[in-house]
Student: 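This is the structure, below, for whatever I ask next.
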Amino acid sequence: MYQLCPSILSADFNRLGEQIKILEKEGIEWLHIDVMDGDFVPSISFGMPVIKSIRKESKMFFDVHLMVTEPERYIRDFVECGADSITVHAEACEDLERTIEQIREAGVKVGISIKPATPVNDISHMLQDVDMVLIMTVQPGFGGQKYMDECTEKIKEVRELIEAENLDVDVQVDGGINDETMETVLTAGANLLVAGSYVFKGNLEKNVKHAKEQMDEIIRKID
Ligand code: DX5
Ligand code: ZN
């Protein structure tokens, strides 16, 4: 399963509902939702009220990426406001195993994420406990940054571990995905591609059509 996961961090919040409708019309199934607390990352984005409000209008899969210190404090709240999956950062949790259990118990899909400097080794013992691994390909905190080439190896490494253990775990990449980097991350083994500025900058409808076409073409080539 491959998905393009537009990140609403780059949306025009004055037209958020309208832009979500465009994504749905273009066949987007996953919506990436970046929550930032100004502590784990320097910036602050948005939280529960925004998610709750768009949940009423959308049937898409809400993929909530928590860039938040001690996210275990908020799991319930994000599930209640409509998350379908919750991804936490390995670096942000007091007790990562317990946090993952908490997400599982709350009845949604579980993701773990690592920043560019964190080795895959730090989470490799937990692959059987999660649904998704998110490899950050920029420093978390802001949209519109350049893809960090040194992260490609980590995508390969995590995909190889998943295959070696014969697990059903998705590999998501986040940061700097565009025409130039899409082939690299797909070839390395990512199947969920987050895209912020690539789709929201300029004409959203046109960009999504283009991005999906590009992605399909590469997948046909590598599959
Ligand atoms: C960065 C966020 C990303 C961001 C990606 O901290 O996690 O999801 O929106 O933006 P682009 O695609 O513009 O790099
Ligand atoms: Zn994200």
Side-chain angles (χ1 to χ4, degrees), residues 3-13 16 19-20 23 28-47 50-51 54 60-69 71 74 78 83-93 103 108-118 123 130-152 154-155 158 170-186 190-204 207-208 210-212 214-215:
Q3 298 284 349
L4 178 71
C5 319
S7 161
I8 55 165
L9 187 63
S10 295
D12 174 357
F13 290 103
L16 183 58
Q19 294 198 317
I20 287 174
L23 295 175
I28 294 294
E29 294 174 31
W30 277 51
L31 194 67
H32 187 78
I33 301 176
D34 286 308
V35 178
M36 302 181 181
D37 67 349
D39 184 57
F40 181 68
V41 289
S43 192
I44 300 175
S45 58
F46 48 76
V50 171
I51 302 174
I54 58 175
M60 275 188 279
F61 185 90
F62 279 13
D63 159 32
V64 176
H65 175 196
L66 295 182
M67 284 163 277
V68 170
T69 303
Y74 301 111
F78 282 104
D84 292 303
S85 79
I86 295 184
T87 299
V88 292
H89 271 266
E91 308 89 353
C93 299
I103 304 173
V108 296
K109 300 260 189 206
V110 183
I112 38 174
S113 181
I114 48 173
K115 299 204 266 189
T118 306
I123 54 153
V130 301
D131 300 294
M132 167 169 96
V133 175
L134 165 53
I135 303 287
M136 285 305 302
T137 45
V138 296
Q139 283 303 346
F142 302 96
Q145 303 178 75
K146 193 179 167 303
Y147 178 85
M148 294 170 70
D149 288 314
E150 57 269 40
C151 298
T152 308
K154 291 171 67 182
I155 307 169
V158 78
D170 292 309
V171 178
Q172 188 175 52
V173 287
D174 185 2
I177 303 304
N178 56 32
D179 276 354
E180 273 99 66
T181 54
M182 204 179 244
E183 182 152 5
T184 306
V185 296
L186 286 167
N191 65 300
L192 301 173
L193 274 51
V194 175
S197 40
Y198 179 47
V199 294
F200 282 100
K201 211 169 152 207
N203 185 309
L204 178 62
N207 292 347
V208 172
H210 170 80
K212 286 187 78 179
Q214 289 279 113
M215 203 167 150

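Each ligand, and each atom within it, is numbered from 1 in the order the structure gives. What you see below is based on every heavy atom in this structure, not just the backbone, and it leaves out hydrogens, waters and symmetry mates.
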Student: State the atom name: nearest N, O or S atom of H65 to the Zn ion (ligand 2).
Tutor: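 For H65, the N, O or S atom at the smallest distance from the Zn ion (ligand 2) is ND1.
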Student: Looking at E29 and Q3, would you say the former's side chain and the latter's main chain have a donor-acceptor pair under 3.5 Å?
Tutor: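 No, E29 side chain to Q3 backbone: no donor-acceptor pair under 3.5 Å.
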Student: Under 3.5 Å, is there a donor-acceptor pair between the side chain of S85 and the main chain of K109?
Tutor: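 Pair absent, no side-chain N/O of S85 close to backbone of K109.
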Student: Report all protein residues having a heavy-atom distance below 4.0 Å to some atom of ligand 1; order the list by chain, then number.
Tutor: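 Under the 4.0 Å cut-off, ligand 1 touches S7, L9, H32, D34, M36, H65, M67, M136, P140, G141, F142, G143, G144, D174, G175, G176, V194, A195, G196, S197.
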Student: Does the plane of the ring in H65 sit parallel, tilted or perpendicular to the ring in H32? Use 30° and 60° as the thresholds.
Tutor: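 Correct class here is tilted.
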Student: When you measure from the side chain of K115 to the backbone of P140, do you find a donor-acceptor pair of N or O atoms at a distance under 3.5 Å?
Tutor: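 Not a single qualifying donor-acceptor pair exists.
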Student: Kindly say whether Y147 contributes a backbone atom to a donor-acceptor pair with the side chain of T137 at under 3.5 angstrom?
Tutor: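 Answer holds: no.
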Student: Is a side-chain donor or acceptor of N178 paired with a backbone partner of T181 at a separation under 3.5 angstrom?
Tutor: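 Present.
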Student: Look only at the side chain of N191 and the backbone of V171, and say whether a donor-acceptor pair between them is shorter than 3.5 Å.
Tutor: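 Yes; judged by distance alone, with no hydrogens or angles, the pair exists.
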Student: Quick check for you: with the Zn ion (ligand 2) as the vertex, what angle do NE2 of H32 and OD1 of D34 span, to 10°?
Tutor: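 Roughly 90°, rounded to 10°.
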Student: Among the N, O or S atoms of D174, which one sits nearest to the Zn ion (ligand 2)?
Tutor: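 The nearest such atom is OD2.
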